[in-house]
Amino acid sequence: MKRVRSDSATAAVKAAQAVAAGPISPPDYITLREGDRPFWDAIVTARARDTWNNSDLENAANLARCKADIERLQGEIDIEGDTLKNDRGTMVVNPKHSLLETLTRRAMALSRMLHVHAEATVGKSEDAAKALKNEKDAKKASEQVEDTLIPGLRAVK
């Protein structure tokens with residue numbers, strides 16, 4: 001299949017149609033828990049809609065479940081603390097940290113496999129550094145405007 005140039009009108013129409021369609025739904029044979037859905041939506045919108053196949057969607061579901069479990073475990077660790085007292089009264093590292101580490105590594109591996117990691121979605125770190133410099137320059141310029149009659153940049157809430 002011939003690829004469409006990303007700066008063409010056809011690509012713009014295709015992108016608008018993908019946005020209007022919303023996030024891809026998981027295949028019928030995949031079950032997501034309620035807490036998995038926000039992660040699923042974030043994952044499947046990190047790549048162009050037409051680049052997903054069923055195998056990718058199966059891995060995306062695993063990644064969504066993994067990220068939901070990471071959030072749940074982190075919440076439990078926040079409540080229980082980093083250390084716990086064992087049966088002998090000795091303070092030990094909360095065993096959930098080990099599971100959290102395993103899930104974090106799994107999430108990183110799945111993100112790399114699906115090309116939804118930072119470099120794939122944002123670009124090379126040197127390009128991100130240039131974008132950050134532009135933001136810092138814009139912030140600095142907006143802070144230097146002292147006259148309230150001259151509009152500057154500010155976030156609208």
Under 3.5 Å donor-acceptor, Arg49 side chain and Gln17 backbone: no

May I ask you to list the residues sharing a hydrophobic cluster with Leu99, side-chain cutoff 4.5 Å, ordered by chain and number? Ile70, Leu73, Ile77, Leu100, Leu103

Using atom types as modelled and distance alone, determine if a side-chain donor or acceptor of Asn94 lies under 3.5 Å from a backbone N or O of Leu84. no

Hydrophobic side-chain clustering at under 4.5 Å (ILVMFWY, transitive links): who's grouped with Ile79? Put none if nobody. none

Which pairs with one or both residues in residues 83-94 pass salt bridge (charged side-chain N to carboxylate O under 4.0 Å, His left out), sequence neighbours excluded? none

Taking salt bridge (charged side-chain N to carboxylate O under 4.0 Å, His left out) as the cut-off, I'd like each qualifying pair that reaches into residues 92-102, sequence neighbours left out, listed once. Glu76-Lys96, Glu80-Lys96, Glu101-Arg105

Tell me if a side-chain donor or acceptor on Thr45 pairs with a main-chain N or O of Asp41 at a distance below 3.5 Å. yes

Measure across Met91 and Thr83 and return the closest heavy-atom pair with its distance rounded to 0.1 Å. CE-OG1, 3.3 Å

Can you confirm whether Ile43 sits close enough to Leu110 that some side-chain heavy atom of one is under 4.5 Å from a side-chain heavy atom of the other? no

Any donor-acceptor N/O pair, Arg106 side chain to Lys67 backbone, under 3.5 Å: no

Heavy-atom pair of closest approach, residues Leu57 and Trp40: O-CZ3, 3.4 Å

Just wondering, do His115 and Thr51 contact through their side chains at under 4.5 Å, heavy atoms? no

Should Val116 and Ile24 be counted in the same cluster of Ile, Leu, Val, Met, Phe, Trp and Tyr side chains packed under 4.5 Å apart? yes

Applying salt bridge (charged side-chain N to carboxylate O under 4.0 Å, His left out), name anything that partners Asp82, two or more places apart in sequence or on another chain. none

Counting C-beta onward and ignoring hydrogens, is there a side-chain heavy-atom pair between Val44 and Pro26 closer than 4.5 Å? no

Side-chain donor/acceptor pairs under 3.5 Å, residues 28-35, sequence neighbours excluded:
{"unit_1": "Tyr29", "atom_1": "OH", "unit_2": "Glu58", "atom_2": "OE2", "d": "2.7"}
{"unit_1": "Arg33", "atom_1": "NE", "unit_2": "Asp36", "atom_2": "OD1", "d": "3.2"}
{"unit_1": "Arg33", "atom_1": "NE", "unit_2": "Asp36", "atom_2": "OD2", "d": "3.0"}
{"unit_1": "Arg33", "atom_1": "NH1", "unit_2": "Asp69", "atom_2": "OD1", "d": "3.1"}
{"unit_1": "Arg33", "atom_1": "NH2", "unit_2": "Asp36", "atom_2": "OD1", "d": "3.0"}
{"unit_1": "Arg33", "atom_1": "NH2", "unit_2": "Arg65", "atom_2": "O", "d": "3.2"}
{"unit_1": "Arg33", "atom_1": "NH2", "unit_2": "Asp69", "atom_2": "OD1", "d": "3.0"}

